[in-house]
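A short write-up of the structure that comes next.
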Amino acid sequence: NAGVTQTPKFQVLKTGQSMTLQCAQDMNHNSMYWYRQDPGMGLRLIYYSASEGTTDKGEVPNGYNVSRLNKREFSLRLESAAPSQTSVYFCASSEEGLLHFGNGTRLTVT
Amino acid sequence: EDQVTQSPEALRLQEGESSSLNCSYTVSGLRGLFWYRQDPGKGPEFLFTLYSAGEEKEKERLKATLTKKESFLHITAPKPEDSATYLCAVQAAGTYKYIFGTGTRLKVLA
């Protein structure tokens, strides 16, 4: 059972570069989320998608964009990476209140 | 403001030494309180959901309890494989948002 799959697992970017983090779930969930996890900060919501075609900003959306491509896929794009975006990014999906997480993308911006 | 505070930040136990982790919360109407386990380099893994004060749930050496202001994760006779970071999250009624605590890092020594 794959669950939530995130790619890539690791990425190093230079300031100003762009990239897209990919996320796919095979559980037929409607809701999908992007979080970032930083030491001492807990998981913070970047964007949320309640269903295909809808997205909403979370707690820390600045510098990010998202696309809910279909029910399975929810991507996160950094248009111009900044060192403050160095973090571990987690994608999650949910049904009936329970979040299922991927194993994260570890991003370093130099 | 909705908030989740976990204590202690870190805990070291000897194998077999029982203890409890605390999750204090303030939320405008609780929809659910969630406990997750996170291993290094992995995404959070679901443990329990609690919905109302007085509710308890158990799984192997873990038992979660809930009051109107806090939740406890009791660990009975822990083993080294219980070493992980334990995260607490709450979901407010009528929202899709989850508020996460910063976690308790548990180390169980053989």
Side-chain angles (χ1 to χ4, degrees), chain A residues 1-10 21 23-25 27 29-51 54-61 66 68 74 87-107, chain B residues 1-10 21-52 55 57 59 64 66 71 84-105:
Chain A
N1 293 334
V4 178
T5 302
Q6 293 184 238
T7 56
K9 295 185 188 304
F10 301 93
L21 283 63
C23 174
Q25 53 97 3
M27 294 172 283
H29 290 166
N30 283 313
S31 301
M32 296 187 74
Y33 304 74
W34 276 105
Y35 289 90
R36 60 179 289 173
Q37 187 175 41
D38 302 289
M41 300 288 289
L43 284 157
R44 292 183 292 169
L45 182 64
I46 305 171
Y47 269 94
Y48 161 74
S49 173
S51 61
T54 68
T55 61
D56 287 300
K57 293 179 180 180
E59 182 184 356
V60 289
V66 290
R68 184 73 183 267
F74 189 35
S87 187
V88 181
Y89 292 86
F90 288 100
C91 177
S93 67
S94 77
E95 200 71 30
E96 297 180 352
L98 176 56
L99 286 170
H100 299 261
F101 287 89
N103 281 326
T105 293
R106 285 143 190 84
L107 176 66
Chain B
E1 180 183 353
D2 298 338
Q3 191 170 2
V4 174
T5 302
Q6 291 188 246
S7 62
E9 288 187 12
L21 313 182
N22 179 262
C23 172
S24 298
Y25 66 92
T26 54
V27 66
S28 51
L30 180 68
R31 182 176 180 182
L33 184 141
F34 304 84
W35 282 99
Y36 288 85
R37 169 188 171 130
Q38 187 175 20
D39 293 298
K42 301 289 187 182
E45 179 182 344
F46 170 76
L47 292 173
F48 302 109
T49 306
L50 302 167
Y51 295 104
S52 58
E55 190 175 359
K57 289 194 177 172
K59 179 181 179 181
L66 181 65
S71 176
T85 296
Y86 291 86
L87 302 174
C88 173
V90 298
Q91 187 180 26
T95 81
Y96 56 81
K97 295 181 181 179
Y98 299 79
I99 311 299
F100 280 85
T102 53
T104 294
R105 296 187 311 278

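Convention: sequence-line order gives letters A, B, ...; per-chain numbering from 1.
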Discussion item. Could you go through B:Leu50 and B:Lys57, starting from their C-alpha distance and side-chain angles, then the distance that decides it, and tell me whether this counts as side-chain contact (heavy atoms from CB on, under 4.5 Å)?
Written reply: CA-CA 8 Å; B:Leu50 302 167; B:Lys57 289 194 177 172; 3.9 Å; yes
Item to complete: Heavy atoms only: give me the nearest A:Leu43-B:Pro44 pair and the separation to one decimal.
Response: CD1-CG, 4.1 Å
Discussion item. Which heavy atom of B:Ala92 sits nearest to which heavy atom of B:Val27, and what is that distance?
Written reply: CB-CG2, 3.4 Å
Worksheet, complete the sentence: If one checks every heavy atom of B:Ile99 against chain A at 4.5 Å, the contacting part turns out to be neither
Worksheet item: Of the backbone (N, CA, C, O) and the side chain (C-beta and beyond), which part of A:Leu98 lies under 4.5 Å from a heavy atom of chain B, both, or neither?
Response: both
Worksheet entry | Which atoms of A:Arg106 approach chain B - backbone, side chain, both or neither, heavy atom under 4.5 Å | side chain
Practice prompt. Output the distance between atom OG1 (A:Thr55) and atom CE (A:Met32), rounded to the nearest 0.5 Å.
Written response: 13.0 Å
Fill in: No-hydrogen, no-angle side-chain donor-acceptor test under 3.5 Å, A:Asn30 and A:Ser51
no
Item to complete: Check the angle between the aromatic planes of A:Tyr35 and A:Phe101 and answer parallel, tilted or perpendicular using the 30° and 60° thresholds.
Response: tilted
Practice prompt. Take the angle between the ring planes of A:Phe74 and A:Trp34 and call it parallel below 30°, perpendicular above 60°, tilted in between.
Written response: tilted
Worksheet entry | Residue pair A:Asp56 / A:Thr54, side-chain donor-acceptor N/O under 3.5 Å | no
Practice prompt. With a 4.5 angstrom heavy-atom cut-off, could you sort out which part of A:Ser31 is near chain B: side chain, backbone, both or neither?
Written response: neither
Practice prompt. Could you please state which residues from residues 33-42 of chain B sit under 4.5 angstrom from chain A, measuring non-hydrogen atom to non-hydrogen atom, sorted by number, or 'none'?
Written response: B:Phe34, B:Tyr36, B:Gln38, B:Gly41, B:Lys42
